Amino acid sequence: MAFEWKERYRLGIEEVDKQHRKLFEIGARAYELALLDNAFDRYDDIMAVLQELLDYAQYHFSYEEDFMRKHNFEDLPNHTKEHNYFVAKVKSLLAREREIDEEQEQTLQEIADFLSEWVSTHIMFVDRKYTTLFPKS
Ligand SMILES: [Fe+2]
Ligand SMILES: [Fe+2]
């Protein structure tokens, strides 16, 4: 599975869609690095991109949570739990250094698959819920 934006991820909220696209852009860079023949030499680059993905995801999650808090949105606790799960998971993946070092290609692909799958599912089923808070344009 590639890490790429698809039209069905669009929620129709400009700022949120922009941030989601950016998450996919960063993810795609990690994925491409992981698939290179010389991924071994790219170890530091790959970890740096995964860290960047984590940082940007945290920024994006705060943006969404602030928005939902401002509107007293009932799904906030559940939504925050999902975000926290992802952050903890990516942190634990980044800590699997030795494994990544030894089984690079397979491990990195697994990581990229997980990230891509989680982000797309989250957007379509969890983020979509708060779109009711945005006035239709
Ligand atoms: Fe999101
Ligand atoms: Fe979210």
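Ligands are counted one by one from 1 in listed order, and the atoms in each one are counted from 1 as well. Note that the structure is a prediction, hence the values are computed from the model and not measured.
At least one N, O or S atom of H60 sits under 2.8 Å from the Fe ion (ligand 1).
Per residue H20, closest N, O or S atom to the Fe ion (ligand 1): atom name NE2. Checked against the Fe ion (ligand 2), the N, O or S atom of H79 at the shortest distance is NE2.
The ring-ring contact (aromatic ring centres under 6.0 Å, His included) test applied to Y63 returns no partner, not counting sequence neighbours. Legend: residues meeting ring-ring contact (aromatic ring centres under 6.0 Å, His included) with F73, ordered by chain and number and at least two apart, are absent.
Between OE1 of E64 and OD1 of D127, the angle at the Fe ion (ligand 2) works out to 100°, rounded to 10 degrees.
Within the 6.0 Å centre-distance limit, the rings of H79 and Y130 are counted as a close aromatic pair.
In terms of modelled atom types and a separation under 3.5 Å, the side chain of R128 and the main chain of M124 share a donor-acceptor contact.
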